[in-house]
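Labels below follow one simple rule: chain letters A, B, ... track the order of the sequence lines, proteins then strands, and each chain is numbered from 1. Basis for what follows: all heavy atoms, side chains included, without hydrogens, waters or symmetry-related copies.
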2 protein chains.
Amino acid sequence: MLEKRRADILDLINREKTVRLRDLVERYDVSDETIRRDLRSLERAGYLVRVYGGATLPNMYGAEPRYEMREVINLKEKKLVAKAAQPFIHDGDSLFLELGTTTLEFAKLLHVHNDLTILTNSIPIADVLINFEKFNVWMIGGHVRKGERATSGFLAEQTIDQFNVDKLVMGVGGVNREGWITDYHSEEANARRKMIKRSRHIIALADYSKFDVTALNQICPLSSVDILVSDEKIPHPYKRILAEAGTELVIAR
Amino acid sequence: MLEKRRADILDLINREKTVRLRDLVERYDVSDETIRRDLRSLERAGYLVRVYGGATLPNMYGAEPRYEMREVINLKEKKLVAKAAQPFIHDGDSLFLELGTTTLEFAKLLHVHNDLTILTNSIPIADVLINFEKFNVWMIGGHVRKGERATSGFLAEQTIDQFNVDKLVMGVGGVNREGWITDYHSEEANARRKMIKRSRHIIALADYSKFDVTALNQICPLSSVDILVSDEKIPHPYKRILAEAGTELVIAR
DNA sequence: CGCCATTCGAACAGATATAATCATAGACTA
DNA sequence: TAGTCTATGATTATATCTGTTCGAATGGCG
């Protein structure tokens, strides 16, 4: 009976994830065209997806963006900004390097230096840096967040409190006209505030897209930032805002 | 079936980070050209990057050092040993996972579990684990050694001392007839001793090549080890030696 | 640097699956 | 009994997948 067979096929595929037309033909002893009609019908009803040679449950991999290959937005600007920030680092410095794509680009540029001590909570950044043998690299431990591939939490904060470094290099989530730096990641926000406290100089990297953006978490006022590196497209009023806050603005070209 | 095979390959590479064409050919019993077509297709879809002899995951950050498909010695035995150790883990466990290629293989097998809390000092292991969303992953901070891509030093030790876990899973440098486990990495030795102290159960992974080897650093006596997993080629006298030490021997087959 | 083994890409051919179409059998109804 | 409707089977042209062959490219090793 048709209805029974189709319900049965549905059962089967839900258990097995995939079914082969060949097997179904044999199992129900009907022609392959009949099975094909069944599958077509079930597909139209949305229960499965037909594939060459059988069918599978929807979303095997075709639709599932397991690896969002989000190419990094504004990568060109980020690289530029990173490059403009690099001269502020000197051999012998100790640094906090915060997670972020801009800071990752920055990390890649550090190979020209010698004798740096670098503390980071970002796994990709640590991964880049350990290829430069001449550095002293410390990974800040803590809870690992999948999204950012970086650590945070009480363990990270407690670790940060044990160090005093020359410079913190950080990306930002947003900068607004009230003169505040904000960020999206609540978990990391605390760690970042602690880093700020523990660093003699603060260098913030922010391409033009970060301005007039207010993210969820207040991080620090602009006046806490010594140097802010951006690019030529920085919105005009910020030159004044930064000057008032006593922050040196560096434009990458 | 084509779609099934490709989805399967995708699963595999997401767990293993790299796949070899040769292995896939054997696993699916199809021609190498077919696998090549699969990989080409998956590459076009952005799910992986083809490399000579196989494929690897795309590096999401644009410039991480590429996971090369370097040959690990005794990889087959290591995989076997890791597989034999996996059943000793139970949902809900908390684990220390030490650095090492065997423990890395072990980590890849953990996806069958739920609700694990895992602390590791190995960057590659953390990298594998954060893809399994259902785990609580903690990176142990510390000084990053290039050779091992893992952390050690006072910071690591101090972090370890803040935890008590159910099980420690560790590789070993060597096991000798005097009943001692030894290791090559002096820096990690201290951290490892602390982990041992902080773990209720100790599981050691040692393929046959590790026996009758004495490395520089004494780690612990065999009697501290609850379960030792090895393979069929384990030298004969060790069955007695382990029995005398009160260590359960598990042979991977 | 050159040699060797392995891997790769292109092209073709054979096998298998699919879509479109028509034919048939049985059930129900008028 | 004839009409018609539905599920199924059969036929054929087309599309897709796969294995094989062979020359070129690549990587490892002396």
Original post:
Is it true that the side chains of B:Asn121 and B:Thr151 contain a donor and an acceptor less than 3.5 Å apart?
Top reply: no
Subject >> B:Asp212 versus B:Tyr238, side-chain donor and acceptor atoms under 3.5 Å >> reply: yes
Roughly how many Å is it from [atom1] in [X] to [atom2] in [N], rounded to a whole number?
| X | N | atom1 | atom2 | value |
| --- | --- | --- | --- | --- |
| A:Lys4 | D:dA7 | NZ | P | 17 Å |
| B:Ile35 | C:dT6 | CD1 | P | 19 Å |
| A:Asp38 | C:dA19 | CG | P | 14 Å |
| B:Arg36 | D:dT26 | CZ | P | 14 Å |
| B:Asp32 | C:dA5 | CG | P | 18 Å |
| A:Glu26 | C:dA17 | CD | C1' | 17 Å |
| B:Glu33 | C:dC12 | CD | P | 14 Å |
| A:Arg22 | C:dT16 | CZ | C1' | 8 Å |

Subject >> Neighbour count >12 (heavy atoms, 6.0 Å) for atom CG, B:Asp91 >> reply: yes
**OP:** Kindly check if the number of other-residue, nucleotide or ligand heavy atoms within 6.0 Å of CZ (A:Phe132) is above 12?
**Re:** yes
**OP:** Check whether the side chain of B:Arg37 and the base of C:dG9 form a donor-acceptor pair under 3.5 Å.
**Re:**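 Per atom types, no contact qualifies.
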Strictly below 4.0 Å: does [X] bring a side-chain N or O up to OP1 or OP2 of [N]?
| X | N | result |
| --- | --- | --- |
| B:Ser31 | D:dG19 | yes |
| B:Arg20 | C:dT6 | no |
| B:Arg40 | C:dG9 | yes |

**OP:** Measure centre to centre between the rings of B:Phe154 and A:Trp138, then say whether the value is under 6.0 Å.
**Re:**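 Ring-ring flag for B:Phe154/A:Trp138: true, centres closer than 6.0 Å.
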Subject >> Out of C:dA17, C:dC8, D:dG19, whichever nucleotide has its closest atom nearest the side chain of B:Thr34 >> reply: D:dG19
Can you check nucleotides 15-17 of chain D for protein contacts, nitrogen or oxygen pairs under 3.5 Å, and list what you find?
from: D:dT16; atom 1: O2; to: A:Tyr52; atom 2: OH; distance (Å): 2.9

**OP:** Show the numbers, then the answer: is there a side-chain hydrogen bond (donor to acceptor under 3.5 Å, both in side chains) between B:Tyr28 and B:Asp38?
**Re:** CA-CA 12 Å; B:Tyr28 298 107; B:Asp38 289 343; over 6 Å; no
Subject >> Given B:Arg6, B:Met1, B:Lys4, the one that forms side-chain contact (heavy atoms from CB on, under 4.5 Å) with A:Val51 >> reply: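 Single side-chain contact (heavy atoms from CB on, under 4.5 Å) partner of A:Val51 among B:Arg6, B:Met1, B:Lys4: B:Met1.
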**OP:** May I ask you to say what A:Val25 touches in the nucleic acid, namely base, sugar-phosphate or nothing, with a heavy-atom cut-off under 4.0 Å?
**Re:**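 The answer is nothing, as A:Val25 stays clear of every strand by at least 4.0 Å.
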